[in-house]
A.B. asks: 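Below is the structure I would like to discuss, written out as structure tokens.
The structure displayed is predicted, hence computed values, not measured ones.
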Amino acid sequence: MLGVAVLGTVVSSTYQHQIAPALTGLPNEEAIGTSAEATRHAAGALHRPDLVQLANDAFVHAMHTAAGVAAAIVLLGAIVLTAAFRTSRPSQSPNQQATTPERAGIG
């Protein structure tokens with residue numbers, strides 16, 4: 001669940017950063033830029049259809065950013081797990097002779 005919260009925060013902050021320049025000068029621009037749906041609703045109320053496309057573009061960019069962050073976290077986890085579970089095998093020197101059942105006195 002923590003991963004969902006982190007990625008949601010990435011989406012939200014990226015969206016707000018992307019849409020902010022388009023909202024400059026609009027009434028209540030902070031509330032309008034909180035989500036893509038809020039921006040679309042305001043676009044209809046303000047008769048600004050251009051804001052709908054800007055909201056969509058900013059949202060898609062935010063989702064791509066979150067997907068990149070998620071991929072980086074997964075890659076980092078894979079590297080850590082690979083390093084943590086790597087087992088080193090002791091190498092046999094040429095002077096060591098393999099133990100056979102006959103040498104062990106079993107056969």
Side-chain angles (χ1 to χ4, degrees):
M1 289 302 204
L2 181 62
V4 173
V6 170
L7 293 176
T9 301
V10 169
V11 169
S12 178
S13 63
T14 303
Y15 174 78
Q16 290 174 9
H17 178 73
Q18 287 290 313
I19 199 68
L23 303 179
T24 303
L26 294 178
N28 204 8
E29 65 184 71
E30 288 183 18
I32 293 172
T34 57
S35 70
E37 192 58 35
T39 305
R40 288 186 201 102
H41 180 72
L46 296 171
H47 306 290
R48 295 273 313 267
D50 59 311
L51 286 180
V52 173
Q53 187 59 45
L54 291 171
N56 292 341
D57 292 344
F59 183 75
V60 169
H61 176 76
M63 291 298 288
H64 287 162
T65 301
V69 169
I73 291 170
V74 168
L75 179 62
L76 179 65
I79 291 169
V80 168
L81 284 174
T82 300
F85 290 111
R86 176 174 277 167
T87 57
S88 61
R89 297 179 186 181
S91 62
Q92 285 187 342
S93 68
N95 295 336
Q96 291 180 335
Q97 295 178 350
T99 303
T100 62
E102 293 81 21
R103 288 184 186 215
I106 298 174

A.B. asks: Tell me the closest heavy-atom pair linking Ala31 and Ala38, and the distance in Å.
C.D. replies: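 Taking every non-hydrogen atom into account, O-CB, 3.8 Å.
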
A.B. asks: Just how far is it from atom CG of Leu81 to atom CD1 of Ile79, taken to the nearest 0.5 Å?
C.D. replies: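 That separation rounds to 10.5 Å.
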
A.B. asks: Of the non-hydrogen atoms in Ala55 and Ala36, which two are nearest, and what is the gap between them?
C.D. replies: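 Distance-wise, the nearest heavy atoms are CB-O, 4.2 Å.
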
A.B. asks: Would Val60 and Ile19 show up in the same hydrophobic cluster when neighbours are defined by side-chain heavy atoms closer than 4.5 Å?
C.D. replies: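 The answer is no; the residues belong to distinct hydrophobic clusters.
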
A.B. asks: What's the shortest heavy-atom distance between Pro27 and Ile32, and which atoms?
C.D. replies: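 Result for this residue pair: O-CD1, 3.1 Å.
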
A.B. asks: Judged by atom type as modelled, is there a donor-acceptor pair below 3.5 Å linking the side chain of Gln53 to the main-chain atoms of Pro49?
C.D. replies: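 No: the side chain of Gln53 does not pair with the backbone of Pro49.
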
A.B. asks: Indicate if Val10 and Met63 have the same hydrophobic cluster label, given that clusters are the connected sets of ILVMFWY residues with side-chain heavy-atom separations under 4.5 angstrom.
C.D. replies: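 No, because Val10 and Met63 fall into different hydrophobic clusters, even though each may have its own neighbours under 4.5 Å.
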
A.B. asks: Please answer whether the main-chain N or O of Thr9 pairs with a side-chain N or O of Ser13 as donor and acceptor at a distance below 3.5 Å.
C.D. replies: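 Answer holds: yes.
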
A.B. asks: Show the nearest heavy-atom pair for residues Ala66 and Leu7, with the distance to one decimal.
C.D. replies: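 Shortest heavy-atom contact: O-CD2, 3.6 Å.
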
A.B. asks: Shortest non-hydrogen contact from Ala58 to Gln18?
C.D. replies: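 Nearest heavy atoms, Ala58 then Gln18: CB-CB, 3.7 Å.
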
A.B. asks: Check salt bridge (Lys or Arg N to Asp or Glu O under 4.0 Å) between Glu37 and all other residues, then give those that pass, not counting sequence neighbours.
C.D. replies: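 Counting only residues at least two positions away or on another chain, Glu37 forms a salt bridge (Lys or Arg N to Asp or Glu O under 4.0 Å) with Arg40.
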
A.B. asks: Do Asp57 and His61 have side chains that get closer than 4.5 Å, going by heavy atoms?
C.D. replies: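 No, their side chains stay 4.5 Å or more apart.
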
A.B. asks: Consider only side-chain heavy atoms of I, L, V, M, F, W and Y, link residues closer than 4.5 Å, and tell whether Val69 and Phe59 are in one cluster.
C.D. replies: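 Cluster IDs for Val69 and Phe59 differ.
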
A.B. asks: Considering non-hydrogen atoms only, spot the tightest contact between Leu51 and Ala43 and give its length.
C.D. replies: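 The answer is CB-CB, 3.6 Å.
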
A.B. asks: Please examine the side chains of Tyr15 and Thr39, heavy atoms only from C-beta on, and report whether any two atoms are closer than 4.5 Å.
C.D. replies: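 In contact.
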
